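First up is the structure itself, then whatever we jot down about it.
These figures come from a predicted structure and were not determined experimentally.
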Amino acid sequence: MEVSAAPDPGLIPPSDAVHENEWYNRDFDGYRISEQPLHTKRHLRIICVGAGAAGLQIAYKAERALENIELQIYEKNSDVGGTWLENRYPGCTCDIPSHSYQFTWARNPNWSRFYSSSEEIWQYFKDIATKYDLEKYVQLKTTVQSAIWDEESGQWKVRILGPDGKEVDDWCDVLISGSGVLNSWKYPNIPGLDLFRGKLMHSAKWDSTYDLSGKRVAVIGGGSSAVQVIPNIQATVGKLYAFLRSPVWITTGFGAKYAGPGGTNFDYSEEQMQKWHEDPEEYAKYARDVEGELNKRFNLMHMHSADQKNSRKLISDLMTNKIGDDKISKKMIPEFALGCRRMTPGSGYLESLTKDNVEVIHGSAVRLTETGIVDESGVEHEVDVVICATGFDTSFTPHFKVTGRNGANIKEQFGEEPIGYLGITAENFPNMFLLIGPNGPASHSSILPILEWYTRYAFQMITKLQTENIKSFEPKAGAIKDLYNHTHELMKRLVWSSACRSWFKNGKTHGPVTAIYPGSRLHFFELLKEVRWEDYELDYRTGNRFQFLGNGYTHTEMDPDGDPVWYFDDAFTKI
């Protein structure tokens with residue numbers, strides 16, 4: 001006798017049919033069976049804002065890991081690539097080794113240098129977008145203006161400004177803010193920006209058509225961008241005023257074990273690249289070794305560790321030797337912990353500050369005039385150009401207006417002290433992912449494997465949303481509070497909480513660390529292997545949470561090629 005593994009269509013009696021067993025002639029709270037197999041994946045529409053590293057990663061993985069979804073990526077720029085499309089100032093280079101700053105699914109043996117330029121990194125992103133046809137998901141020159149959560153439908157209502165200048169309404173079941181942390185650049189909050197009649201520009205909005213030759217130039221800021229800009233324009237300009245309000249640790253490059261002498265950059269030879277092409281296993285080992293070296297820094301991040309003490313002495317001595325000027329050294333070498341501000345590799349930077357055409361001003365620029373810039377002591381310096389290397393909006397809020405549950409505005413809710421859950425979700429904003437949000441691993445070496453892991457985490461949640469009759473998820477207030485307490489109690493021992501002015505603390509000297517995950521990189525990866533569903537409030541699409549159980553069948557048994565004894569091969573059976 002042969003039996004069918006699938007239901008017989010048309011032979012299921014209606015729920016109110018008279019049953020031969022009288023006990024079953026009743027109604028179970030109006031509940032009705034969904035005529036579908038267990039874990040049927042309902043269709044979902046996903047909108048991702050941004051086609052930089054996060055957006056490209058999501059597009060590639062969604063094609064391979066998700067089913068029955070519709071993905072739309074909106075990108076404000078005219079091409080993909082995000083920060084590496086936008087940041088093109090002189091000397092713009094990633095301080096993470098090239099062979100770590102790449103996706104695990106698109107390893108590139110053709111990197112030309114140990115630390116790559118912004119142009120080469122952008123080309124890497126463009127190449128993979130083309131190779132894997134990811135741009136079909138992307139609508140360029142499109143700005144998301146607002147997103148409003150609709151409780152009844154369990155969807156985000158999204159307003160966009162299209163490339164034709166017209167506003168259009170869109171919607172999604174899941175919203176991903178993938179525009180990054182260091183994306184929305186900002187000018188410093190000083191008077192006179194509108195008065196200055198010379199050339200004013202930001203390092204993140206560089207005007208490559210402007211010729212700096214012989215010009216009198218002021219650079220405001222002492223972070224990573226300024227450290228790269230100054231030595232790369234010093235020999236070109238006539239006079240350079242470097243406004244360095246705060247000291248900063250100028251370190252060797254990250255992954256210095258595999259870098260050039262003293263942690264410097266170097267070019268890979270054609271022979272080396274060819275060898276890696278011919279021996280992919282050797283290349284994979286090299287990439288793993290470089291990545292592994294970057295994962296050995298967490299003890300250094302402890303304020304009172306031997307690694308911290310020894311490294312501070314080493315870097316202090318290196319800086320002193322490179323500067324060669326005691327007056328500048330005393331102002332430049334910090335008293336705060338190494339790593340309190342982002343450690344800043346800077347080849348040639350310290351040496352450039354001692355050149356004859358450079359004047360270092362250890363203080364703030366207080367205002368601009370029509371023809372110059374005024375320092376704290378009231379002295380005006382006449383300049384032709386003001387370059388603001390003054391960073392970004394680090395409030396962790398999307399660049400568009402987001403209104404969640406109970407009318408919550410994410411910008412107002414985050415305010416000066418943004419608080420979220422594991423750097424990816426936030427209270428009052430259901431079905432929304434932040435890549436990355438408050439207290440994510442923003443200073444834990446290469447961001448690309450971190451984005452991949454966040455994508456893995458988000459896809460677990462999206463799949464559960466699809467398969468278990470779930471309308472929405474939102475982190476619980478109690479879980480957020482407990483994680484907050486753990487985060488800041490642990491931060492007491494870590495360098496990020498040291499008293500320095502840092503974007504890790506939203507520009508404050510004394511205040512909570514809002515940008516950093518309280519643990520090692522490996523700690524983060526292990527924690528996010530599985531979603532802690534006990535930390536989330538789940539709302540269901542119907543009154544019965546078990547609606548997803550369906551008609552008692554599974555997709556496996558309904559598939560003619562399905563394995564009816566798949567459980568024999570489960571990993572647990574092999575123990």
Side-chain angles (χ1 to χ4, degrees), residues 1-46 65-70 149-156 171-174 405-406 425 427-428 430-431 457-479 530-575:
M1 180 177 68
E2 291 189 8
V3 296
S4 173
D8 292 320
L11 297 183
I12 304 297
S15 181
D16 58 357
V18 176
H19 199 282
E20 63 186 77
N21 181 338
E22 292 183 2
W23 190 89
Y24 279 98
N25 288 318
R26 62 176 70 186
D27 189 79
F28 295 96
D29 296 327
Y31 175 71
R32 295 295 182 266
I33 298 295
S34 293
E35 297 301 335
Q36 61 187 31
L38 174 70
H39 289 151
T40 295
K41 294 179 179 177
R42 68 181 173 99
H43 181 79
L44 290 182
R45 178 170 170 80
I46 301 170
L66 297 178
E67 298 175 19
N68 201 21
I69 62 106
E70 178 185 355
W149 173 253
D150 182 74
E151 195 67 62
E152 183 177 354
S153 64
Q155 295 171 345
W156 287 97
W171 65 274
C172 61
D173 299 288
V174 176
R405 274 185 172 143
N406 308 312
T425 56
E427 186 180 9
N428 291 321
N431 296 14
Y457 181 93
F459 282 10
Q460 288 184 55
M461 300 189 74
I462 289 170
T463 300
K464 190 177 180 76
L465 197 73
Q466 282 184 296
T467 57
E468 296 190 20
N469 192 39
I470 295 171
K471 181 178 180 180
S472 66
F473 56 80
E474 177 192 348
K476 294 177 180 177
E530 304 293 338
V531 178
R532 283 178 49 87
W533 288 108
E534 60 268 40
D535 294 345
Y536 282 92
E537 295 283 0
L538 301 179
D539 289 338
Y540 292 87
R541 300 174 67 223
T542 62
N544 191 314
R545 72 190 65 202
F546 291 109
Q547 189 94 41
F548 75 94
L549 293 177
N551 58 7
Y553 291 85
T554 68
H555 284 277
T556 300
E557 66 196 288
M558 294 179 64
D559 181 354
D561 298 319
D563 180 2
V565 288
W566 58 264
Y567 49 90
F568 277 12
D569 301 315
D570 185 77
F572 193 74
T573 68
K574 308 300 181 185
I575 297 174

Compare all side-chain heavy atoms of [X] with those of [Y] and state whether any distance is below 4.5 angstrom.
{"X": "Ile12", "Y": "Ile33", "value": "no"}
{"X": "Asn428", "Y": "Glu474", "value": "yes"}
{"X": "Phe473", "Y": "Lys464", "value": "no"}

Nearest 0.5 Å please: distance from the [atom1] atom of [X] over to the [atom2] atom of [Y].
{"X": "His43", "Y": "Ile69", "atom1": "NE2", "atom2": "CD1", "answer": "8.0 Å"}
{"X": "Met558", "Y": "Asn551", "atom1": "CE", "atom2": "CG", "answer": "6.5 Å"}
{"X": "Met461", "Y": "Leu538", "atom1": "CE", "atom2": "CG", "answer": "7.5 Å"}
{"X": "Asn431", "Y": "Ile462", "atom1": "CG", "atom2": "CD1", "answer": "9.0 Å"}
{"X": "Ile470", "Y": "Arg42", "atom1": "CD1", "atom2": "CZ", "answer": "9.0 Å"}
{"X": "Phe548", "Y": "Lys41", "atom1": "CZ", "atom2": "NZ", "answer": "14.0 Å"}

Has the side chain of [X] got a donor or acceptor atom that lies under 3.5 Å from a matching backbone atom of [Y]?
{"X": "Asn469", "Y": "Arg545", "value": "no"}
{"X": "Asp570", "Y": "Phe572", "value": "yes"}
{"X": "Thr463", "Y": "Gln460", "value": "no"}
{"X": "Thr573", "Y": "Phe568", "value": "yes"}
{"X": "Trp156", "Y": "Pro430", "value": "yes"}

Just wondering, are more than 12 heavy atoms of other shown residues or ligands nearer than 6.0 Å to [atom1] in [X]?
{"X": "Arg32", "atom1": "CZ", "answer": "yes"}
{"X": "Phe546", "atom1": "CZ", "answer": "no"}
{"X": "Glu534", "atom1": "CD", "answer": "yes"}
{"X": "Glu67", "atom1": "CD", "answer": "no"}
{"X": "Asn21", "atom1": "CG", "answer": "yes"}

Inset, instruction - Describe, in one word, how the ring planes of Trp23 and Phe28 are oriented to each other, choosing from parallel (under 30°), tilted (30 to 60°) and perpendicular (over 60°). - result: tilted
Indicate the atoms forming the closest heavy-atom contact of [X] with [Y], along with that distance.
{"X": "Val531", "Y": "Tyr536", "answer": "CG1-CE1, 4.0 Å"}
{"X": "Tyr457", "Y": "Glu530", "answer": "CE1-O, 4.4 Å"}
{"X": "Ser153", "Y": "Asp150", "answer": "OG-OD2, 2.6 Å"}
{"X": "Glu557", "Y": "Gly552", "answer": "OE2-O, 4.4 Å"}
{"X": "Leu44", "Y": "Gln466", "answer": "CD1-CG, 3.2 Å"}
{"X": "Gln155", "Y": "Trp171", "answer": "NE2-CZ3, 3.5 Å"}

Inset, instruction - Tell me yes or no: between the side chains of Thr554 and His39, is some donor less than 3.5 Å from an acceptor? - result: no
Legend entry - Arg405, Arg541, Glu537 screened by side-chain hydrogen bond (donor to acceptor under 3.5 Å, both in side chains) with Ser472, the one that passes: Arg405
Legend entry - Asp173/Lys471 salt bridge by N-O under 4.0 Å criterion: no
